[in-house]
Amino acid sequence: MLKKIVFVMECSRIFSLPMTLLSWLVIFIYSLSDSNKIIYGIIALLGLIFAHLGTNLIDDYFDYKSLIKQVGFDKLEYLKVSQKTKCRYLVTGSMKESRLILFVFIYFLFAFICGLFLYLNCGVGVLYYACLGALVMLLYPFISRICLSELAVALAYGPLLFGGVYYVMTSTYSWDVYIICLPTMIMTVILLYIHTVMDYEFDIAENKHTVANLFKSQLDSLIILKALLILAYITPLFLCIFDIIDWQVFLVYLTLPLASDLYKSLISYSLNPDETPQRKWYHFPMEKLEYFKERGESSFMMRMFQARNLMIYYSIFLSIAIVISKLI
């Protein structure tokens, strides 16, 4: 039973959950100074987690349906080049379509229950955020094929997540919240964009249009990554300008070496996708790395972990900055 649960979690891309957990943590800590409704914030987190995992599965499902409709689709050739996170489990038959739909239903059901509870206890504002969030989730598998996945993620992990959590904890709206969301929102978009950069050839073969494959090569597409990284370290200044957080916000600049390391790693990947970067002492956590090496996926997964971990450390430092600013 435990192995089955672990398998479902892997298919649901549980490794990507920190993007939800850490985004939530930033606004949760900020909201504490204006509210003592901690339990509502935690319930919101549970709803976000279920929605995130369900969206991952439904995205894989539609990718799979599109894939098998392609003329000349060869399962064996696909499995030679596919990444573990790209609906591989459906192609191999490790999970049946009906079972996947069942798990999607369960995830979304629990997300709905959390949302309903918050609506009944916090007010109609929950309905606005929940409906907009659900719309983004349901449309994501389709708009992600037409260069809009970054926009969808920005909306979901920016104003919707931050505004929604702040509302259930305070029963109010605040423009400051939409400014606070900018740094971590951009970091989350970076995580997604890196995934599409590394899936450059794969997405072209699937006729999936992304911002990355609008460029002539993976290397050329890194100009967007550079711009996003620059924005991620400029936007914290707005927190100072609008007197939301003071000098403490500069703690996030401690992650600059990680950002530089990540960018160099993506350049290396663009030149040689099979080259696995050397693991350094600050490359943690990187769970099940030996397992990925055995499957020939370490080159891809190490860079995904690098991107995810940058987002983790960045969000933690931002959370610490908020705590210090509230205490002083």
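Just so it is clear, the values below take in all heavy atoms, side chains as well, and ignore hydrogens, waters and symmetry mates.
For the pair Y314 (side chain) and T184 (backbone), a donor-acceptor distance under 3.5 Å is absent. Checking side-chain atoms of R145 against main-chain N and O of P141 turns up no donor-acceptor pair under 3.5 Å. A donor-acceptor pair is defined here as one N or O able to donate and one able to accept, closer than 3.5 Å; such a pair exists between the side chain of N272 and the backbone of D274. Between the side chain of T92 and the backbone N or O of Y89 there is at least one donor-acceptor pair closer than 3.5 Å. A donor-acceptor pair is defined here as one N or O able to donate and one able to accept, closer than 3.5 Å; no such pair exists between the side chain of Y40 and the backbone of L118. Side chain of T255 to backbone of L258: no donor-acceptor contact under 3.5 angstrom is found. Using modelled atom types, no side-chain atom of N213 and backbone atom of E201 make a donor-acceptor pair closer than 3.5 Å. The main-chain N or O of S315 is found under 3.5 Å from a side-chain atom of S319 such that the two form a donor-acceptor pair. A donor-acceptor pair under 3.5 Å is formed between the side chain of T170 and the backbone N or O of Y166. Under a 3.5 Å cut-off, the side chain of S260 and the backbone N or O of L256 do not form any donor-acceptor pair.
With rounding to the nearest 0.5 angstrom, the CE atom of M185 is 9.0 Å from the OG1 atom of T188. The CG atom of L57 sits 3.5 Å away from the OG atom of S12 when rounded to the nearest 0.5 Å. For the atom pair S94 OG and L100 CG, the distance stands at 12.0 Å (nearest 0.5 Å). Distance CD1/I58 to CZ/F108: 6.5 Å, rounded to 0.5 Å. We find the CD1-CE distance between I186 and M311 to be 11.5 Å, quoted to the nearest 0.5 Å. To the nearest 0.5 Å, the span separating CD1 on I245 from CG on D176 amounts to 10.0 Å.
When the side chains of ILVMFWY residues are joined at heavy-atom separations under 4.5 Å, either directly or via intervening members, Y200 and I146 end up in two distinct hydrophobic clusters. The cluster map of Ile, Leu, Val, Met, Phe, Trp and Tyr, joined by side-chain heavy atoms under 4.5 Å apart, puts L148 and L135 in the same cluster. Under the 4.5 Å side-chain contact rule for hydrophobic residues, I49 and I5 share a cluster. A single hydrophobic cluster is not seen to contain both L116 and L138; linkage of ILVMFWY side chains at heavy-atom distances under 4.5 Å, directly or through other members, places them apart. Linking Ile, Leu, Val, Met, Phe, Trp and Tyr whenever their side-chain heavy atoms come within less than 4.5 Å puts L127 and L46 in one cluster.
Contact check for V252 versus P183: no side-chain heavy atoms found under the 4.5 Å cut-off. Counting only heavy atoms from C-beta outward, the side chains of S149 and Y140 approach each other to under 4.5 Å. By the 4.5 Å heavy-atom criterion applied to side chains, V153 and L191 are not counted as neighbours. H52 has its side chain out of reach of R13: every pair of non-hydrogen atoms, C-beta onward, lies at least 4.5 Å apart. Taking the side chain as every heavy atom from C-beta outward, F7 and K3 never approach each other to under 4.5 Å. With contacts defined as side-chain heavy-atom distances shorter than 4.5 Å, the pair D60/C11 does not qualify. In this structure, the side chains of F28 and L45 stay at 4.5 Å or more apart for every pair of heavy atoms. In this structure the side chain of Y269 reaches within 4.5 angstrom of the side chain of Q218, judged on heavy atoms.
The minimum heavy-atom distance linking P236 with A232 is given by the pair CD-O, 3.2 Å. Across A152 and I143, no two heavy atoms sit closer than the pair CB-CD1, 3.6 Å. Shortest non-hydrogen contact noted between W24 and G41 is NE1-O, 2.9 Å. Shortest non-hydrogen contact noted between R308 and F15 is CD-O, 3.0 Å. When all heavy atoms of A212 and Y193 are compared, the pair lying nearest together is CA-OH, 3.7 Å. Across every non-hydrogen atom of H195 and M304, the tightest pair is CD2-CE, 3.7 Å.
Using a cut-off of 4.0 Å between Lys/Arg side-chain N and Asp/Glu carboxylate O, K208 and D199 are scored as not salt-bridged. Salt bridge status for E290 with R279: absent, with no side-chain N to carboxylate O gap under 4.0 Å.
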Derivation of the side-chain contact (heavy atoms from CB on, under 4.5 Å) call for Y30 and I244: CA-CA 10 Å; Y30 179 80; I244 299 170; 3.9 Å; yes
Test side-chain contact (heavy atoms from CB on, under 4.5 Å) applied to L266 and M198, step by step: CA-CA 8 Å; L266 264 292; M198 293 195 291; 4.0 Å; yes
Y253/Y233 under ring pair (Phe, Tyr, Trp, His ring centres under 6.0 Å): CA gap, chis, key distance, verdict: CA-CA 7 Å; Y253 288 97; Y233 290 96; 5.8 Å; yes
Verdict with supporting geometry, K293 and T276, side-chain hydrogen bond (donor to acceptor under 3.5 Å, both in side chains): CA-CA 9 Å; K293 286 181 179 178; T276 300; over 6 Å; no
Trace of the side-chain contact (heavy atoms from CB on, under 4.5 Å) decision for S268 with K264: CA-CA 6 Å; S268 174; K264 292 175 182 177; over 6 Å; no
Trace of the side-chain contact (heavy atoms from CB on, under 4.5 Å) decision for M187 with Y313: CA-CA 11 Å; M187 274 295 174; Y313 298 136; over 6 Å; no
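Heavy-atom contacts from other residues, nucleotides or ligands closer than 6.0 Å to CZ of R99 number 12 or fewer. Summarising the local packing, CZ of F215 is surrounded by more than 12 heavy atoms from other residues, nucleotides or ligands at distances under 6.0 Å. K96 NZ: 12 or fewer foreign heavy atoms inside a 6.0 Å radius. By the neighbour-count criterion of 12 heavy atoms within 6.0 Å, atom CZ of F110 is sparsely surrounded, having that number or fewer from other residues, nucleotides or ligands. In the displayed structure, F105 atom CZ is contacted under 6.0 Å by at most 12 heavy atoms of other residues, nucleotides or ligands. When the shell of 6.0 Å around OH of Y263 is examined, it contains more than 12 heavy atoms from other residues, nucleotides or ligands.
Partners of Y119 under the ring-ring contact (aromatic ring centres under 6.0 Å, His included) rule, at least two apart in sequence or in another chain, do not exist in this structure.
Y129 and Y167 have tilted rings, their planes meeting at an angle from 30° to 60° on a 0 to 90° scale.
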Would you mind writing out the side-chain donor-acceptor pairs for residues 223-230 within the sub-3.5 Å range, not counting sequence neighbours?
none

